[in-house]
Amino acid sequence: MTTPSAATPSTAPGAAPASTPAGVPRGRGSLGPVGLVLAGGISVQFGGALAVTLMPRAGALGVVSLRLLVAALVLMALCRPGLRGHSRADWGTVIVFGVAMAAMNGLFYQSVARIPLGPAVTLEVLGPLTLSVLASRRAVNIVWAALALTGVFLLGGGGFSGLDPLGVAFALGAGAMWAAYIVFSARTGRRFPQADGLALAMAVAAVLFLPLGIAESGTKLLDPTVLGLGAAVAVLSSVLPYTLELLALRRLPASTFAILMSLEPALAAAAGFLILDQALSAPEAAAIALVVAASMGAVRTQVGRAKVKGTGAVS
């Protein structure tokens with residue numbers, strides 16, 4: 001997940017990162033921009049798979065707490081955001097952004113504790129997909145919505161009999177929070193320079209979630225193995241992908257970036273299969289393919305509409 005995470009780290013279809021944290025290298029990278037984005041997506045999903053293996057030791061809330069805390073410490077050290085000179089509205093925006101981030105991560109990790117990683121990400125991506133469809137308001141979006149709903153129907157086997165209903169509910173809730181994350185990520189980016197707002201929001205999320213993690217896991221969070229694996233989850237799921245995506249966006253159009261991010265459900269399914277031995281049935285694989293296609297289509301529709309508007313403005 002993404003999280004983040006992207007204009008912010010967890011960028012979703014139709015959203016593009018807007019700022020670069022201080023301290024991020026300015027090299028061009030040897031993978032090329034598309035390779036960097038794909039590497040970031042693989043890192044996020046394999047980090048999520050690692051988090052699932054850590055949950056029996058520390059619990060879902062404990063893992064989220066460690067991920068947010070380590071990511072916040074790294075981002076605060078890199079960005080060193082100023083705390084003065086911001087209005088009450090600025091702080092209100094960044095706090096809501098942090099709350100959305102905490103809720104998105106918490107709900108998603110509760111979901112993957114109950115259902116396979118691939119289906120969880122597929123259901124989660126419906127949040128930003130819905131946001132993209134509503135933002136575009138074109139008739140063709142009925143096609144993308146129908147594709148996505150068909151995918152969801154297949155994923156649930158006609159009634160979600162094969163998936164834990166609570167896990168499904170958590171994934172859908174995480175998707176709703178992902179959409180809110182996108183909205184407040186953009187607002188935070190307009191109010192704070194570089195990635196200062198992201199670092200502050202991550203700190204807010206970490207502070208909010210830490211009591212929940214302590215309540216569930218207690219002293220387990222201090223176990224060296226848990227701390228080490230938790231730090232690895234934070235690096236794989238937040239720090240590394242954010243850096244790779246920010247490097248890629250210097251040379252990659254935001255529209256291309258958003259389409260590549262639409263591949264997240266497929267990458268999650270691959271990570272779940274390779275690390276967690278979570279094989280997909282044929283209907284589940286078809287469901288993920290349909291949601292990926294719907295997400296890509298919605299992004300392309302929104303980008304095409306923006307180009308038409310831009311052409312009209314010039315002429």
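Both backbone and side-chain heavy atoms feed into the values below; hydrogens, waters and symmetry mates do not.
- Both Leu83 and Val94 belong to a single network of hydrophobic side chains, linked directly or stepwise wherever heavy atoms of I, L, V, M, F, W or Y lie under 4.5 Å apart.
- The aromatic ring centroids of Phe170 and Phe108 lie 6.0 Å or more from each other.
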Inset, instruction - Before giving the answer on side chain to side chain contact (heavy atoms under 4.5 Å, CB included), spell out for Met101 and Leu198 the whole-Å C-alpha distance, their side-chain angles and the decisive distance to 0.1 Å. - result: CA-CA 10 Å; Met101 189 185 302; Leu198 171 61; 4.0 Å; yes

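- The distance from atom OG of Ser65 to atom CG of Leu210, rounded to the nearest 0.5 Å, is 5.5 Å.
- Using a 4.5 Å heavy-atom threshold, the side chains of Glu124 and Leu107 count as separate.
- Linking Ile, Leu, Val, Met, Phe, Trp and Tyr whenever their side-chain heavy atoms come within less than 4.5 Å puts Leu166 and Val64 in one cluster.
- Put simply, the side chain of Met76 reaches to within 4.5 Å of the side chain of Leu200, judged on heavy atoms.
- The shortest side-chain heavy-atom distance between Arg114 and Leu163 does not fall under the 4.5 Å cut-off.
- With a 4.5 Å cut-off on side-chain heavy atoms, Arg67 and Ser237 count as touching.
- Cluster annotation: Val99 and Val207 are assigned to distinct hydrophobic clusters (Ile/Leu/Val/Met/Phe/Trp/Tyr, side-chain heavy-atom contacts under 4.5 Å, transitive).
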Inset, instruction - Verify side chain to side chain contact (heavy atoms under 4.5 Å, CB included) between Ile275 and Leu117, making sure each step is shown before the conclusion. - result: CA-CA 10 Å; Ile275 294 182; Leu117 186 61; over 6 Å; no

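- Note: His86 and Phe192 have tilted aromatic rings, judged against thresholds of 30 and 60 degrees for the angle between ring planes.
- For the atom pair CG of Leu73 and CG of Leu68, the computed distance is 11.0 Å after rounding to the nearest 0.5 Å.
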Legend entry - Trace of the side chain to side chain contact (heavy atoms under 4.5 Å, CB included) decision for Ile95 with Phe184: CA-CA 10 Å; Ile95 288 171; Phe184 283 95; over 6 Å; no

Inset, instruction - Decide side chain to side chain contact (heavy atoms under 4.5 Å, CB included) for Leu69 and Phe209; before the verdict, give the C-alpha distance in whole Å, the side-chain angles of both, and the deciding distance to 0.1 Å. - result: CA-CA 9 Å; Leu69 181 60; Phe209 225 95; over 6 Å; no

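- Judged by distance alone, the side chains of Asp90 and Ser87 do bring a donor and an acceptor atom under 3.5 Å apart.
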